[in-house]
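The next block holds one structure in the form of structure tokens; read it before the comments.
Sequential numbering from 1 along the given sequence is applied to the chain's residues. The figures that follow rest on heavy atoms only: side chains count, while hydrogens, waters and symmetry mates do not.
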Amino acid sequence: MRFVLLLAGRDMGRVALTLGGYDDRTVLIADGRLRKLEKPKKKNIKHLLFIDCDCSELDSLRHRGALTDAVLAKACKAVEDALDSMDAV
């Protein structure tokens, strides 16, 4: 699982989390707001920018079955805010 910045489509500029590979060119993503965990979006990896960020806590929650859309949305928002503050500098 990795955080990604969406570079194309109507979700452009948003941060999401990869949930796994779909095939060799696409992955499944969710952000907890528009793209829920129950119905992730299939996205071409060419349209994603992978963010180097520690998401081990979310991975642990997912394996225990405790990852919710609210937790995911909060984590994605925190990463978005961190990226925005880096752009402001």
Side-chain angles (χ1 to χ4, degrees):
M1 290 176 39
R2 293 177 67 183
F3 283 104
V4 292
L5 179 64
L6 307 176
L7 300 176
R10 69 183 185 101
D11 297 334
M12 183 172 57
R14 298 187 70 134
V15 171
L17 188 71
T18 60
L19 301 177
Y22 185 78
D23 58 29
D24 61 335
R25 295 184 317 173
T26 57
V27 293
L28 297 173
I29 61 152
D31 66 3
R33 291 174 277 185
L34 293 176
R35 305 293 179 197
K36 305 288 184 173
L37 290 167
E38 306 87 42
K39 192 174 179 189
K41 170 77 174 157
K42 184 170 66 166
K43 204 74 165 154
N44 189 323
I45 59 172
K46 289 193 274 185
H47 301 156
L48 303 174
L49 175 67
F50 289 87
I51 300 170
D52 189 24
C53 186
D54 180 33
C55 56
S56 59
E57 183 178 331
L58 293 175
D59 196 28
S60 174
L61 286 173
R62 184 172 182 219
H63 287 308
R64 289 193 317 234
L67 182 61
T68 64
D69 287 319
V71 170
L72 179 56
K74 187 175 180 180
C76 288
K77 179 68 173 147
V79 172
E80 279 182 16
D81 291 344
L83 289 175
D84 287 343
S85 68
M86 290 174 68
D87 287 341
V89 173

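- Evaluation of the side chain to side chain donor-acceptor pair (under 3.5 Å) rule for Arg33 yields Glu80 as partners, not counting sequence neighbours.
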Using a 3.5 Å cut-off and no angle test, enumerate the donor-acceptor pairs between side-chain atoms of residues 66-73 and protein atoms at least two apart in sequence or in another chain.
from  : atom 1 : to    : atom 2 : distance (Å)
Thr68 : OG1    : Val71 : N      : 3.2
Asp69 : OD1    : Leu37 : N      : 2.9

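- Leu34 is not connected to Leu28 by any chain of hydrophobic side-chain contacts under 4.5 Å among Ile, Leu, Val, Met, Phe, Trp and Tyr, and they are in different clusters.
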Report all side-chain donor-acceptor pairs from residues 8-17 shorter than 3.5 Å, counting only partners two or more places apart or in another chain.
from  : atom 1 : to    : atom 2 : distance (Å)
Asp11 : OD2    : Arg35 : NE     : 3.4

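- By the side chain to side chain donor-acceptor pair (under 3.5 Å) test, Lys77 pairs with Asp81, sequence neighbours left out.
- Listed by chain and number, the residues in a side chain to side chain donor-acceptor pair (under 3.5 Å) with Asp23 are Thr26 (sequence neighbours excluded).
- Closest of all the heavy-atom pairs between Ala30 and Cys76 is O-SG, 4.5 Å.
- Applying the side chain to side chain donor-acceptor pair (under 3.5 Å) test to pairs two or more places apart or on separate chains, none has a residue in residues 36-53.
- In this structure, Phe50 shares a hydrophobic cluster with Val4, Leu6, Val27, Ile29, Ile45, Leu48, the cluster being traced through Ile, Leu, Val, Met, Phe, Trp and Tyr side chains under 4.5 angstrom apart.
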